[in-house]
Amino acid sequence: MENPNYDRYVKKANNKDVSLEDLRDRLAEFAQVRGWDQYHSPRNLLLALVGEVGELSEIFQWKGEVARGLPNWSCDDKEHLEDELSDVLLYLIQLADVCGLDLGQAALAKIVKNARKYPVNS
């Protein structure tokens, strides 16, 4: 089955500078045109997010400690990791959106709170 919006999604996906707002808007449109937004309650999105975190955890479960940059991982393993990390990110963005929160601003505020809580020892 041909998807008339596929080319538009692929073209947008090739943009290097993607903001949380871009992702939020694309996710909202993606869900809306499929009629999925009716299922995207905060609870349902949280449960989906937890499931995706579990899938992400499975990737590392039996690998032991892993070197930065994943030098010993195959391209397929790295692609699988990218997919699962993306699933986690996308559900997190959707959850923040349906809760009416600005995730980018909240993250910046949290960095400031952490800096106050954990000052650099001089």
Side-chain angles (χ1 to χ4, degrees):
M1 182 172 156
E2 198 168 307
N3 183 343
N5 292 319
Y6 180 76
D7 288 338
R8 190 167 60 115
Y9 286 117
V10 170
K11 184 181 284 187
K12 286 183 178 182
N14 290 328
N15 181 357
K16 284 186 175 187
D17 297 322
V18 178
S19 70
L20 292 177
E21 292 81 15
D22 291 336
L23 292 172
R24 179 200 62 210
D25 294 347
R26 287 157 97 184
L27 285 165
E29 177 188 3
F30 188 89
Q32 191 272 326
V33 298
R34 289 164 176 78
W36 293 353
D37 51 345
Q38 64 182 317
Y39 306 110
H40 288 177
S41 66
R43 176 190 171 277
N44 288 349
L45 290 169
L46 175 61
L47 293 175
L49 174 62
V50 169
E52 293 300 337
V53 169
E55 291 180 21
L56 177 60
S57 298
E58 287 176 351
I59 294 173
F60 290 93
Q61 185 171 7
W62 305 115
K63 291 195 181 290
E65 204 51 52
V66 177
R68 291 181 81 135
L70 313 175
N72 300 321
W73 286 35
S74 70
C75 289
D76 287 345
D77 286 341
K78 287 181 180 181
E79 183 178 352
H80 185 205
L81 178 59
E82 286 178 337
D83 288 345
E84 297 307 332
L85 284 168
S86 296
D87 286 342
V88 169
L89 175 64
L90 297 175
Y91 275 120
L92 184 62
I93 290 170
Q94 285 181 300
L95 177 58
D97 185 37
V98 301
C99 290
L101 304 174
D102 183 330
L103 188 58
Q105 288 301 313
L108 289 173
K110 183 62 176 174
I111 291 170
V112 171
K113 287 178 186 178
N114 285 345
R116 286 186 193 125
K117 187 175 181 179
Y118 305 105
V120 176
N121 295 329
S122 303

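Note that the coordinates shown come from a computational prediction; the quantities given were computed from them, not determined experimentally. Note that these values count all heavy atoms, side chains included, but never hydrogens, waters or copies made by symmetry.
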(request) Start with the C-alpha gap between Glu52 and Leu56, add the side-chain angles, then the distance that decides, and say whether side chain to side chain contact (heavy atoms under 4.5 Å, CB included) holds. (result) CA-CA 6 Å; Glu52 293 300 337; Leu56 177 60; over 6 Å; no
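Looking at residues two or more places apart in sequence or on another chain, you find a side chain to side chain contact (heavy atoms under 4.5 Å, CB included) between Arg116 and Val112. In this structure, the side chain to side chain contact (heavy atoms under 4.5 Å, CB included) partners of Glu21, at least two apart in sequence or on a different chain, are Ser19, Arg24, Asp102.
Under the 4.5 Å side-chain criterion, counting only non-hydrogen atoms from C-beta, Leu70 is in contact with Leu81. The shortest side-chain heavy-atom distance between Val50 and Tyr91 does not fall under the 4.5 Å cut-off.
Listed by first and then second residue, the side-chain hydrogen bond (donor to acceptor under 3.5 Å, both in side chains) pairs involving residues 72-85 are Ser74-Asp77 (not counting sequence neighbours).
Closest of all the heavy-atom pairs between Val98 and Ser41 is CG2-C, 4.4 Å. Here the closest non-hydrogen pair linking Leu89 and Leu23 is CD2-CD1, 4.1 Å.
A cation-pi arrangement is present between Arg34 and Phe30 under the rule of less than 6.0 angstrom and at most 45 degrees off the ring axis.
Between the CD atom in Gln105 and the NZ atom in Lys110 there is a gap of 15.5 Å [rounded to 0.5 Å].
Under the 4.5 Å side-chain heavy-atom criterion for Ile, Leu, Val, Met, Phe, Trp and Tyr, Val18 and Leu108 are members of distinct hydrophobic clusters. Hydrophobic clustering (side-chain heavy atoms under 4.5 Å, transitive across Ile, Leu, Val, Met, Phe, Trp, Tyr) keeps Leu101 apart from Leu20.
Applying side chain to side chain contact (heavy atoms under 4.5 Å, CB included) to Leu45 and the options Leu90, Leu92, Leu95, Ile93 leaves one that passes, Leu95.
Environment of CZ in Phe60: crowded, with over 12 heavy atoms of neighbouring residues, nucleotides or ligands closer than 6.0 Å.
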